[in-house]
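Okay, so here's the structure we're looking at.
Proteins come first, then strands; the chains are lettered A, B, ... in the order of their sequence lines, and each starts at number 1. Remember, it's a predicted structure, so these values are computed and weren't measured experimentally.
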Amino acid sequence: MNATAASPPRAVDAEAQAGRPAARARHAYVSVEGIARRYGATTIFEDVWFGIERGEFVCLVGHSGCGKTTILNILAGLEGPTEGAVIVDGAEITGPSLDRAVIFQGHALMPWMTATGNVAFALSCRHRGWSRAQCEAAAREALKRVGLGHALDRRPAELSGGMKQRVGIARALALEPKMMLMDEPFSALDALTRGSLQDEVSRLVTETRQTAFMITHDVDEAILLADRILLMSNGPGARIAEVVVNTLPRPRTRANLHHMPGYHALRDHVLDFLISRSAAFDAAAPPAGWAPRAVPEVRPAIESPPPPLAAE
Amino acid sequence: MASEVPFWRAAALSLLLLAAALIAWELAVMPRAGGGAALDPEYAALLGQAAAQGGTTPMPGPAAIGARLLELLSDPFYVRGTNDQGIGVQIAYSLLRVGAGFGLAALVAIPLGFLIGMSPLLNAALNPFIQVLRPVSPLAWMPLALYTIKDSAVSSIFVIFICSVWPMLLNTAFGVASVRREWLNVARTLEAGTWKTATRVILPAAAPTILTGMRISIGIAWLVIVAAEMLVGGTGIGYWVWNQWNNLSIADIVIAILMIGVVGLALDRLLGLVAHAVAWRE
Ligand SMILES: Nc1ncnc2c1ncn2[C@@H]1O[C@H](COP(=O)(O)OP(=O)(O)OP(=O)(O)O)[C@@H](O)[C@H]1O
Ligand SMILES: [Mg+2]
């Protein structure tokens, strides 16, 4: 299989492309090692292992209630796992860190601060020595980068849903974090706003090679943004059932995405998982080749009929 | 509904009602042909003791009260000995006591409420005490205060303190406890630190609730100061009212009622302005 022809320009190295998840996990920037979350006798998820490399964009897809937000909160350091650990940059996560910026589902802006104030507050936490004026100037720059130059002094109540989410994105980007964690950042938005923000985030991550972990329910969004898509089985007792490698070349936009060879195979594969395989997955009798520490990687876009060379 | 009523119409109706009430009042207190024999029972009840004792002090009409009001307000701040001071001086005394008691209460209640709101343990531990002490009429503390403090001025400040501390304490604790989890999570992911989180996130988030507590407190404090000053005497608008009652100066009592109402309204409006300044909406 000629993997290089279709490999994305920013993608992981050839060895990882060859599919050695266990080996990858050892060198990854983030290494999730056997985490579980239990409430009493109920196991939400367990034995979850995966890694995230520097510069990689990973999406987590799964049905409601399987524990995605919990995993993201554990990565953020906002809560701890019942079992297991998460290693970032060689050290175990013990709490939140400015290195891992979170874009919250409900934008989570402080309503008593203006857009600039919200970003400046984050910056004042990041750069303790900066003066107020410095923070505000940098905040205005960050807001201009996400197209909010005209709404700098408005409070969240005076912003539309899409603009609020943009402020949240600007706040996270302004921190220049080592990693972005996003919990369904666009799910509360209307389709048009969502689309333009997706393109924008796609552009920003491609330009800056931002390491990112994102939860989404939107399959196209995952395909647009992710290098790898983690598919989570239904809870209780959810696991990472499959890892889908997105081999579609970058830059990707919503306009060109569905013309790309392999796109439909990729999309169908993820949808099929959500519709039937996620419920059927049983960790006690897993599919051939599945192991919690070595979840099989699949490349539907190049393993299926259309020849990868057509991507040229 | 209410917002659709034009301001001038409401104002015109207010003035009309006021004029009607004043005219009715004036007519009602006009000396009658038959003399004082035909007092109706309500009238007698209004006059209270004086009427019951067969006193002859007539209920003044609005005109007489207006004249007296002008007289009092023409020189509100005179001081002629301890027992003869202008109405402005008396109100100032009351305001000073309310300010001191309320200020001390805020200094205690807001930080303590913060701690209670942040710590479920402290909340549960202190709740029984608060629940028992809160419904106690502040005046019930007066004898104890007089006995322990042995100073009537400080005792009335203490009573104000006691009555204004509870609403502020409970509202602060409630406001702090109900700060959105997501804002706290933002602060945590920003590694904002305890002090910065408290001052930049929790305080502004809880400020509207805290201000509501402060408004309730100042309202109660202004109610209580009148009663407290009636008890301890000496100075203050409450003492002044009681003094005028002993002098049977009914006009002065009516004026005092009016002044207490106006000052209470002003205090509430003042805190309303602060509340407006710290309000936020989503
Ligand atoms: N305190 C709790 N006690 C018991 N169960 C809980 C508690 N908190 C969360 N859960 C359960 O944990 C599971 C995972 O929740 P989580 O928010 O991580 O789901 P999610 O995958 O993000 O769902 P969604 O897609 O709807 O956001 C849910 O089934 C929820 O019911
Ligand atoms: Mg969720």
Side-chain angles (χ1 to χ4, degrees), chain A residues 69 72-80 93-114 117-128 132 135 154-161 164 167-168 171-172 174-183 188, chain B residues 3 106 110-111 113-114 117-121 168 171-215 270-282:
Chain A
T69 297
L72 184 129
N73 284 346
I74 292 170
L75 287 178
L78 290 169
E79 13 178 326
I93 292 182
T94 53
S97 160
L98 276 160
D99 288 338
R100 299 185 301 279
V102 184
I103 298 180
F104 293 88
Q105 176 161 14
H107 66 75
L109 300 180
M110 319 273 176
W112 54 89
M113 298 179 189
T114 60
N118 268 283
V119 181
F121 174 64
L123 282 164
S124 74
C125 294
R126 169 57 121 188
H127 307 280
R128 308 267 160 173
R132 193 192 176 98
C135 290
R154 289 204 226 161
R155 286 175 202 278
E158 299 151 3
L159 299 174
S160 71
K164 280 186 250 200
V167 178
R171 176 169 66 183
L175 294 172
E176 294 172 352
K178 292 188 177 154
M179 180 177 191
M180 294 260 263
L181 299 168
M182 300 179 252
D183 190 353
Chain B
S3 60
I110 293 173
F114 236 84
M118 296 229 258
S119 152
L121 173 69
M168 282 195 271
N171 270 54
T172 306
F174 175 74
V176 168
S178 41
V179 172
R180 288 268 189 78
R181 177 73 165 273
E182 53 180 20
W183 297 331
L184 296 177
N185 279 346
V186 169
R188 287 178 64 201
T189 58
L190 293 173
E191 299 184 59
T194 314
W195 178 248
K196 199 162 189 175
T197 305
T199 55
R200 300 286 312 272
V201 179
I202 299 177
L203 188 62
T209 322
I210 297 176
L211 253 296
T212 305
M214 295 178 85
R215 263 176 108 164
L270 200 68
L271 280 177
L273 285 178
V274 182
H276 183 76
V278 302
W280 46 262
R281 73 196 159 87
E282 293 201 66

Can you tell me how the ring of A:Trp112 sits relative to the ring of B:Trp183, calling it parallel under 30°, perpendicular over 60° and tilted otherwise?
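Aromatic pair A:Trp112/B:Trp183 classed perpendicular.
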
A:Lys164 vs B:Glu282, test: side-chain contact (heavy atoms from CB on, under 4.5 Å). Steps then yes/no.
CA-CA 11 Å; A:Lys164 280 186 250 200; B:Glu282 293 201 66; over 6 Å; no

Let me know if [X] has heavy atoms under 4.5 Å from chain B in its side chain, its backbone, both or neither.
X: A:Leu109; answer: backbone
X: A:Glu158; answer: side chain
X: A:Arg155; answer: neither

Side chain from CB out, backbone as N, CA, C, O: work out which of these in B:Val201 comes under 4.5 Å of a heavy atom of chain A, or both, or neither.
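B:Val201 touches chain A through backbone and side-chain heavy atoms alike.
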
So, taking the atom named NZ in B:Lys196 and the one named OG in A:Ser124, what distance separates them when rounded to the nearest 0.5 Å?
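If we round to the nearest 0.5 Å, B:Lys196:NZ and A:Ser124:OG are 2.5 Å apart.
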
Can you tell me how far CG of A:Leu181 sits from OG1 of B:Thr189, rounded to the nearest 0.5 angstrom?
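Answer rounded to 0.5 Å: 9.5 Å.
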
Chain A: which of B:Ala187, B:Gly193, B:Ala205, B:Ala279 shares the most heavy-atom pairs with it under 4.5 Å?
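That would be B:Ala205.
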
Any heavy-atom pair between the side chains of [Y] and [X] that's under 4.5 Å?
X: A:Leu98; Y: B:Leu190; result: yes
X: A:Met113; Y: B:Trp280; result: no
X: A:Ser97; Y: B:Glu191; result: yes

Can you name the closest pair of heavy atoms from A:Gly77 and B:Arg188 and give their distance?
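So the two residues come closest at O-NH2, 3.7 Å.
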
So does A:Arg132 have more than 12 non-hydrogen atoms from other groups sitting under 6.0 Å from CZ?
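Counting neighbours around CZ of A:Arg132, 12 or fewer heavy atoms of other residues, nucleotides or ligands fall under 6.0 Å, so no.
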
